Amino acid sequence: MRDQTLCVHRPAVSQEGFASLAIPTYRASTIVFPDARSYAERKQRGPDGYSYGLHGTPTTRTLEAALTELQQGVRTALVPSGQAAIAVVMLTVLMPGDTVLVPDTAYPPATGLCENFLKPRGINYRVYDPLIGGGIADLMDPTVKLVWTESPGSTTMEVQDIPAIVAAAHRRGALVGCDNTWATPVYFKPLVHGVDFVAEALTKYVGGHSDLLMGAISVRELPLHRRLKDTMRMLGIGVSPDDASLALRGLETMGVRLAHVARVAAAFAERMADLVPPQLVLHPALPHCPGHALWKRDFSGASGVFSLLVPPDAEAAIPDLLTAAKVFSIGASWGGTHSLIAPMNVVADRRVSRNVHQGTILRISIGLEDPEDLWADLAPIVAAIAAAKPPAARLAAL
Ligand SMILES: *Cc1c(COP(=O)(O)O)cnc(C)c1O
């Protein structure tokens with residue numbers, strides 16, 4: 001063969017005796033076929049076969065298979081972000097005239113999708129109290145095709161009664177989706193509790209280093225996976241094998257990272273609850289937290305994200321204390337090696353919850369730094385909150 005051809009067509013080399021613990025990064029747009037007949041019949045390969053790089057490579061399939069085993073599901077589909085996981089489930093299940101029920105405490109862009117994208121296309125949504133449990137049955141009507149859940153709730157950490165919601169939804173023929181990003185399948189397995197779709201932002205604990213965006217949807221039944229893959233094919237959605245390889249690397253250390261941040265976060269939450277009125281600390285392992293008993297019943301642990309309510313009298317001191325923090329960074333997202341604090345305000349996001357905290361909520365994500373250094377940043381914040389008058393409404397309600 002001539003030089004220009006040799007530049008393009010590499011010789012095959014032996015792989016005999018080569019065994020690596022790493023998963024190779026297989027990049028591909030084109031998938032080639034051994035003969036014309038298998039090309040003509042490529043559609044018969046189905047969603048588990050290889051037909052086009054966008055729809056899967058051995059790298060992405062390995063990550064999907066690992067997540068499927070952790071979730072105890074049947075298949076997993078990878079999408080470019082956690083938000084895309086939520087969107088692909090909703091776009092797959094819902095048709096014009098249908099309704100999705102969304103918890104008041106959902107990741108706000110999930111509700112934003114319902115309001116700004118689905119509603120103008122004739123798909124309705126209704127917001128429900130995350131603590132409604134089996135009472136969700138009262139909100140069901142024949143148009144409800146999907147009940148979305150997220151447990152614990154975004155920033156305010158309410159744990160939902162997933163089995164009760166699943167029972168009520170399935171009785172009325174609706175499917176149930178769960179955003180399980182906080183717990184990860186290590187600490188909660190929604191599919192085992194009957195949920196149909198579990199969405200995870202791999203961006204958080206699986207990626208684990210604040211440098212990756214990816215989402216995953218795992219399902220309990222095969223036909224649901226086929227429907228998801230159809231939606232993804234129509235929309236042209238897939239993930240890069242390079243990103244999948246980063247997620248596979250992150251997944252290898254996720255268990256020990258989680259165990260560490262879980263221990264530190266729980267210890268800090270307890271320490272804070274000793275120093276400030278305990279109702280100001282929102283961590284599902286604390287007995288006063290809404291849904292604590294459900295967390296004990298259904299979860300095998302708590303991850304490293306929890307929240308601290310700032311009373312009105314302490315508000316003025318917080319911005320400077322956050323700026324002065326030496327180890328914590330200020331930022332959203334979470335689940336990485338660096339500890340983060342995000343000053344949040346949820347009032348604008350809540351529609352049906354009672355006793356919503358009106359002021360700042362500090363959402364704390366514990367990372368892998370030395371806990372003593374982290375506490376040195378938190379101590380002045382906790383002291384400022386301890387010195388302030390507690391917010392009356394919330395304490396009176398509890
Ligand atoms: C971060 C997050 C998402 C979205 O994930 P992205 O990859 O950032 O789009 C969805 N749900 C929850 C609970 C999250 O924390």
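One-based numbering, in listed order, for ligands and for the atoms of each. Note that this is a predicted model, so its numbers are computed, not measured.
With sequence neighbours left out, the salt bridge (Lys or Arg N to Asp or Glu O under 4.0 Å) criterion links Lys145 to Asp98.
Looking at Arg227 and Asp230, no side-chain N of the basic residue comes within less than 4.0 Å of a carboxylate O on the acidic one, giving no salt bridge. Look at Asp377 and Lys326 and you find no salt bridge, because none of the NZ, NE, NH1 or NH2 atoms lies under 4.0 Å from a carboxylate O.
A side chain to side chain donor-acceptor pair (under 3.5 Å) check over residues 194-203, counting only residues at least two apart or in different chains, returns the pairs Gln71-Glu200, His170-Asp196, Asn180-Glu200, Asp196-Arg220. Applying the salt bridge (charged side-chain N to carboxylate O under 4.0 Å, His left out) definition to pairs two or more places apart or across chains, those involving residues 157-185 are Asp161-Arg297.
Between Asp48 and the choices Lys229, Arg61, Arg75, the salt bridge (charged side-chain N to carboxylate O under 4.0 Å, His left out) rule is met once, by Arg75.
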Can you list every pair where an N/O of ligand 1 is under 3.5 Å from an N/O on the protein?
| unit_1 | atom_1 | unit_2 | atom_2 | d |
| --- | --- | --- | --- | --- |
| ligand 1 | 5 (O) | Gly82 | N | 3.4 |
| ligand 1 | 7 (O) | Gly82 | N | 2.7 |
| ligand 1 | 7 (O) | Thr203 | OG1 | 2.5 |
| ligand 1 | 9 (O) | Gly82 | N | 3.2 |
| ligand 1 | 9 (O) | Gln83 | N | 2.9 |
| ligand 1 | 11 (N) | Asp179 | OD2 | 2.6 |
| ligand 1 | 15 (O) | Lys204 | NZ | 2.5 |

